[in-house]
Amino acid sequence: MQVRTRFAPSPTGFLHIGGARTALFSWAYAKRHHGQFILRIEDTDVARSTPEAVQAILDGMQWLGLTYDEGPFYQMQRMDKYREIIQKMLNDGSAYYCYCSKEELDALREQQMQQGLKPRYDGRWRPEEGKVLPTPPQGVPPVVRFKNPLTGVVAWDDLVKGRIEIANEELDDLIIARADGTPTYNFCVVVDDWEMRITQVIRGDDHVNNTPRQINMLKALGATVPQYAHLSMILGDDGQKLSKRHGAVSVMQYDEEGYLPAAVLNYLARLGWSHGDDEVFSVQKFCEWFDLNHITPSAAQFNTEKLNWLNAHYIKEMPLDALAKEVARRLLRIGVAVQDQPDLSAVLALYRERANNLNQLAKEIAYFYQTPAANQSDVEKHITDEIKPVLVALKTRLEQVEWSAEHIHAIMNQIVTEHQLKFPKLAMPLRVMLTGIAQSPSIDQVIAILGKELTISRINAYLN
RNA sequence: GUCCCCAUCGUCUAGAGGCCUAGGACACCUCCCUUUCACGGAGGCGACCGGGGUUCGAAUCCCCGUGGGGACGCCA
């Protein structure tokens with residue numbers, strides 16, 4: 001059978017890291033089986049859904065490269081379909097009107113909680129053979145409830161968690177249409193997964209409890225029940241649950257914070273899934289390897305350190321021109337315009353080995369394009385009066401040398417020998433003069449890329 | 001409270017009864033490299049939640065605890 005998976009976010013906020021992983025797994029599963037991946041926006045909560053959130057989700061998916069074969073579908077545009085099916089269920093008796101007010105239900109819930117019972121609807125408007133229903137109150141618009149089976153068990157073999165069984169006694173008659181007529185989540189999911197012929201529902205752990213109700217509805221509709229795979233949640237770096245006010249960052253924030261999508265993808269792939277000892281692999285490999293039986297059923301804690309490490313890897317691996325584009329953009333953001341010289345690709349070839357973050361990388365190389373603000377303590381420590389004559393001598397020699405790292409290195413060696421100094425005695429003050437700080441790659445290479453003009457003028461600034 | 005789920009190094013994980021004196025990766029520590037800081041290389045530290053079974057043999061299967069999490073909406 002043709003594999004069809006879907007990602008079905010509700011547009012009430014940005015695409016966060018947990019949602020991104022769910023999307024990634026669904027997408028990869030479809031790719032792995034040469035199937036289709038469908039994007040469906042679950043926007044039936046009119047009060048909380050926003051077009052901005054829809055856009056944020058689309059942006060996040062695009063940034064990660066999670067393309068969809070069908071959609072995006074919007075549930076609000078499918079109202080006619082839902083209404084039609086609700087009417088059908090009303091007609092065939094698998095659903096019924098309920099006139100309970102919210103207040104009534106709240107009171108019922110509270111009472112049940114106090115008695116130590118699981119709060120649920122007590123079925124007072126549920127039609128039953130020989131049962132006399134209350135008279136519908138005047139002017140109260142009813143909700144529609146699904147008539148859930150009273151006995152028996154609902155069971156499914158979860159592709160991640162194994163067999164799960166739930167007794168129907170635990171379930172109540174859930175509302176499938178609100179008093180204003182709009183259908184609710186559990187119902188829309190059922191209709192859509194059915195109509196869109198979804199074969200594997202891959203979603204968050206928090207939906208396990210919805211699954212038996214959905215299966216019951218699917219059965220009532222005579223629909224095929226898809227397979228389910230419930231992914232456990234992702235915890236924050238501190239082991240705490242991710243929430244709106246606690247660390248649930250948008251995937252786009254990773255872009256802002258200097259991460260490459262390849263790194264985020266690779267990191268997410270390994271969070272809760274594994275392929276033996278493999279740690280670093282491309283998204284293509286992931287699509288070849290991905291399977292549901294190697295998903296961990298337990299929750300996973302996010303680890304920024306490891307993401308950083310992967311980010312470093314992908315910064316080293318990516319094509320230099322692509323990296324240059326990426327870094328130029330970030331330089332601009334901190335107010336640095338890249339010029340033709342020094343050559344950005346050359347700069348990055350020298351610097352990317354040591355970087356694990358694009359923003360940090362941009363910050364580190366900014367001095368090639370603007371005079372750096374010198375670190376005062378480094379200046380005092382390294383640019384001493386004793387060394388200044390040596391630097392004057394070096395400068396004179398630099399003015400005549402053929403401009404390459406090798407030649408520059410050679411004259412530095414000469415100077416050092418002539419003045420009977422250790423190499424760092426010369427290298428350190430140069431570093432501070434040219435870069436503003438005491439850490440840089442090999443200073444001769446820095447000088448070579450920086451160019452004669454900038455090198456001499458920055459040295460002069462300290463000698464006059 | 002009720003139901004459901006989960007449990008291997010600090011973290012992500014390998015592990016489908018013997019291959020496990022439990023492997024890898026991040027982090028951490030030491031050393032090497034060295035022109036500073038990184039990168040890199042070589043080592044090191046470090047875990048099967050507890051108790052009962054089953055079995056010749058259990059990290060792996062079963063039960064009971066314990067701990068953690070999720071769900072119980074006219075939210076999704």
Side-chain angles (χ1 to χ4, degrees), chain A residues 8-12 42-45 47-49 75 98 100-102 105-106 109 112-120 141-145 158 160-162 164-167 169-172 174-186 188-189 203-212 230 232-233 235 237 239 241 267 270-280 293-294 296-310 312 316 351-356 364 378 382 409 412 416 422-428 430-432 435 437-444:
Chain A
S10 66
T12 54
E42 312 226 316
D43 53 359
T44 52
D45 184 355
R48 294 200 302 152
S49 298
Q75 290 186 322
C98 166
C100 278
S101 68
K102 288 182 189 179
L105 292 172
D106 286 345
R109 243 192 302 277
Q112 286 166 328
M113 289 280 255
Q114 269 175 7
Q115 289 171 26
L117 299 169
K118 186 173 186 162
R120 75 248 256 201
V143 299
V144 178
R145 285 184 186 270
D158 197 276
V160 172
K161 294 179 184 289
I164 299 178
E165 293 186 12
I166 285 154
E169 282 96 42
E170 294 297 328
L171 273 23
D172 63 359
L174 73 158
I175 292 171
I176 59 176
R178 302 178 178 92
D180 67 5
T182 56
T184 60
Y185 162 76
N186 274 106
C188 297
V189 171
R203 61 185 4 171
D205 211 328
D206 47 337
H207 288 290
V208 169
N209 298 268
N210 292 324
T211 307
H230 287 101
S232 59
M233 46 188 277
L235 272 21
D237 245 332
K241 189 195 170 185
Y267 180 74
R270 274 296 280 104
L271 197 60
W273 176 83
S274 61
H275 185 264
D277 286 340
D278 292 308
E279 293 286 350
V280 180
N293 13 332
H294 288 87
T296 318
S298 54
Q301 191 171 316
F302 196 90
N303 184 218
T304 305
E305 301 276 11
K306 191 161 180 182
L307 207 213
N308 289 342
W309 172 73
L310 280 166
K316 284 175 206 165
Y351 263 85
R352 69 156 151 189
E353 283 296 319
R354 53 211 295 118
N356 66 11
E364 278 173 1
D378 285 340
H382 299 292
H409 187 75
M412 285 183 73
V416 154
K422 295 269 192 196
F423 197 90
K425 278 285 176 211
L426 180 60
M428 294 311 289
L430 274 174
R431 273 203 173 88
V432 178
T435 75
I437 55 171
Q439 295 83 242
S440 83
S442 292
I443 195 62
D444 40 24

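Just so we're on the same page: letters track the sequence lines, and every chain starts at 1.
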Please lay out, stage by stage, how Trp309(A) and Thr304(A) fare under the test side chain to side chain contact (heavy atoms under 4.5 Å, CB included).
CA-CA 9 Å; Trp309(A) 172 73; Thr304(A) 305; over 6 Å; no
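Nearest approach of Asn210(A) to Tyr185(A), heavy atoms of both residues: ND2-CE2, 3.8 Å.
With 3.5 Å as the limit, one finds no donor-acceptor pair spanning the side chains of Asp205(A) and His230(A). When only modelled atom types and interatomic distance are considered, Asn186(A) and Thr184(A) share no side-chain donor-acceptor pair under 3.5 Å.
If you check C6(B), C74(B), C26(B) against the side chain of Lys161(A), the one that comes closest is C6(B). Set against G73(B), C4(B), G1(B), the side chain of Lys118(A) has G1(B) as its closest nucleotide. Closest to the side chain of Ile164(A), out of C6(B), C4(B), C39(B), is C4(B). With U2(B), C74(B), C12(B) as the choices, the nucleotide that has an atom nearest any side-chain atom of Thr184(A) turns out to be C74(B). Checking C3(B), A76(B), C26(B) against the side-chain heavy atoms of Asn303(A) singles out C26(B) as nearest. The side chain of Ala179(A) lies closest to C74(B), out of C74(B), C3(B), A71(B). Comparing G40(B), C26(B), A7(B) by their closest approach to the side chain of Pro297(A) singles out A7(B). When distances are taken from the side chain of Asp444(A) to each of A71(B), U35(B), C5(B), the shortest belongs to U35(B). When the nucleotides A7(B), G1(B), C74(B) are ranked by their closest atom to the side chain of Ser298(A), A7(B) comes out on top. With distances taken from any side-chain atom of Pro424(A) to the nucleotides G1(B), U35(B), C6(B), the minimum falls on U35(B).
Between His294(A) and G15(B) there is a side-chain polar atom (N or O) within less than 4.0 angstrom of OP1 or OP2. For the OP1/OP2 pair of U35(B) and a distance below 4.0 Å, the side-chain nitrogens and oxygens of Ser442(A) include no atom meeting the criterion.
With sequence neighbours excluded, the residues that form a salt bridge (charged side-chain N to carboxylate O under 4.0 Å, His left out) with Arg270(A) are Glu279(A). Checked against side chain to side chain contact (heavy atoms under 4.5 Å, CB included), Lys102(A) has no partners two or more places apart in sequence or in another chain. Taking the ring pair (Phe, Tyr, Trp, His ring centres under 6.0 Å) definition, one finds that His382(A) meets it with nothing, sequence neighbours left out. A search for side chain to side chain contact (heavy atoms under 4.5 Å, CB included) contacts involving Thr296(A) returns Ser298(A), not counting sequence neighbours.
If you check every strand for non-hydrogen atoms under 4.0 Å, Cys188(A) touches nothing. Thr182(A) comes within 4.0 angstrom of nothing in the nucleic acid, heavy atoms only.
Pairing for C72(B) is with G1(B), a Watson-Crick or G-U wobble pair whose two hydrogen-bonding atom distances lie under 3.5 Å. The nucleotide C31(B) finds its pairing partner in G41(B), both defining distances of the Watson-Crick or G-U wobble pair being shorter than 3.5 Å. Base-pair partner of C26(B): G10(B) (Watson-Crick or G-U wobble, both distances under 3.5 Å).
One can place CG of Asn210(A) at 15 Å from P of C5(B), the figure rounded to the nearest angstrom.
Comparing Pro441(A) and Ser101(A) by the nucleotide of RNA chain B whose heavy atom lies nearest to each, the residue mapping closer to the 5' end is Pro441(A). In terms of position along RNA chain B, the nucleotide closest to Met412(A) lies nearer the 5' end than the nucleotide closest to the other residue of the pair Ala8(A) and Met412(A).
The base of U13(B) lies outside donor-acceptor range of the side chain of His275(A), with no N or O pair under 3.5 Å.
Separation of the P atoms belonging to C63(B) and A7(B) is 14 Å when rounded to the nearest angstrom. Going from the C1' atom of G70(B) to that of G52(B) covers 29 Å, rounded to whole Å. Taking the C1' atoms as reference points, A14(B) lies 12 Å from A59(B), given to the whole Å. Rounded to whole Å, the separation between the P atoms of C28(B) and U34(B) comes to 23 Å. Atom C1' of G10(B) sits at a distance of 12 Å from the matching atom of C45(B), rounded to the whole Å. Rounded to a whole angstrom, the distance from the P atom of G73(B) to that of G51(B) is 40 Å. Rounded to whole Å, the separation between the C1' atoms of U54(B) and U11(B) comes to 34 Å.
In C39(B) the O4'-C1'-N dihedral to the base is within 90° of 0, which defines a syn nucleotide.
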Strictly under 3.5 Å: I want the nitrogen or oxygen pairs between protein and nucleotides 21-24 of chain B, one per line.
{"unit_1": "G23(B)", "atom_1": "N2", "unit_2": "Asp277(A)", "atom_2": "OD1", "d": "3.0"}
{"unit_1": "G24(B)", "atom_1": "N2", "unit_2": "Arg270(A)", "atom_2": "NH2", "d": "3.2"}
{"unit_1": "G24(B)", "atom_1": "N2", "unit_2": "Glu279(A)", "atom_2": "OE2", "d": "2.7"}

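Annotation: the span from Leu307(A) atom CG to Leu271(A) atom CG amounts to 9.5 Å, rounded to 0.5 Å.
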When every nucleotide of nucleotides 62-69 of chain B is labelled 5' to 3' by its protein contacts under 4.0 Å (heavy atoms), B for base, S for sugar-phosphate only, - for none, what sequence of letters results?
-------S
